Amino acid sequence: DNPCPQTSVKALTFYSIWNQALARVIDRVKPGIFHCPDYHNAMSCMYLERTLPVVVMLHNAEYQGAITTQQFGSVERAALAKVFNVSENVLTTM
C-alpha cells in the first residue's frame, strides 16, 4: 500500500503525459492567458513553446497539494525529471 498514491510512478507518469498533451493544445490554440485550474495542470507550463501569462487557481490545496515529493533531493529530482521528461535543471529553477 502506498500511503500517498499521488506520488506513485504510475500517477506521476499520467500527470506527465497529461501536461505534455495539454501544452500541445495550448500551443495550437494560442490563448492570451492560461487559467490553470489546479496543480495537476500547472506543470504544462514547463512544456509550452512560448511564454504565456498563467493564472493558477488552487482549491482544497491542503488535501491536493500534500504529496510526499514536496521535499526532495538529487536522487528524487533525477527520478522526477525522468518521469516528466524534463531536465533536472527545470525542476530546480521552478
Side-chain angles (χ1 to χ4, degrees):
D1 267 347
N2 184 349
C4 198
Q6 294 298 313
T7 61
S8 72
V9 171
K10 185 176 181 179
L12 292 173
T13 300
F14 169 81
Y15 288 129
S16 172
I17 293 167
W18 172 262
N19 280 283
Q20 290 177 66
L22 180 58
R24 296 296 65 85
V25 170
I26 293 168
D27 286 335
R28 290 183 80 180
V29 173
K30 298 184 180 358
I33 190 167
F34 173 44
H35 174 226
C36 180
D38 232 330
Y39 76 97
H40 5 37
N41 298 314
M43 289 180 282
S44 63
C45 299
M46 295 188 306
Y47 304 105
L48 294 174
E49 294 177 356
R50 66 186 178 105
T51 303
L52 179 69
V54 176
V55 175
V56 179
M57 179 186 69
L58 296 177
H59 62 89
N60 201 10
E62 183 178 331
Y63 170 73
Q64 293 186 16
I67 62 173
T68 58
T69 53
Q70 288 176 330
Q71 304 288 324
F72 57 89
S74 60
V75 172
E76 293 84 4
R77 184 172 38 255
L80 284 175
K82 185 176 179 181
V83 168
F84 283 97
N85 193 30
V86 296
S87 73
E88 289 182 49
N89 187 45
V90 169
L91 298 176
T92 58
T93 58
M94 290 187 74

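From a predicted model like this one, the values you see are computed outputs, not experimental measurements.
Summarising the geometry of Pro53 relative to Gly32, their closest heavy-atom pair is CD-O, 3.4 Å, with the distance given to 0.1 Å. Scanning all heavy atoms of the two residues, the minimum distance from Asn41 to Cys36 falls at C-SG, 3.5 Å. Minimum heavy-atom separation, Arg50 to Pro31: NH2-O, 2.6 Å. Across every non-hydrogen atom of Ser74 and Glu88, the tightest pair is O-OE1, 4.1 Å.
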May I have the list of side-chain donor-acceptor pairs in residues 19-29 shorter than 3.5 Å, sequence neighbours left out?
residue, atom, partner, partner atom, Å
Asn19, OD1, Ser44, N, 2.8
Asn19, ND2, Tyr15, O, 2.7
Asn19, ND2, His40, O, 2.8
Gln20, NE2, Ser16, O, 3.3
Gln20, NE2, Ser16, OG, 2.8
Arg24, NH2, Asp27, OD2, 2.5
Arg24, NH2, Tyr47, O, 2.8
Asp27, OD1, Glu49, N, 3.2
Asp27, OD2, Glu49, N, 3.3

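None of Leu12, Thr13, Ile17 except one satisfies the side-chain contact (heavy atoms from CB on, under 4.5 Å) rule with Phe84; the exception is Leu12.
Cluster partners of Ile33, by chain and number: Val55. The rule joins Ile, Leu, Val, Met, Phe, Trp and Tyr whenever side-chain heavy atoms lie under 4.5 Å apart.
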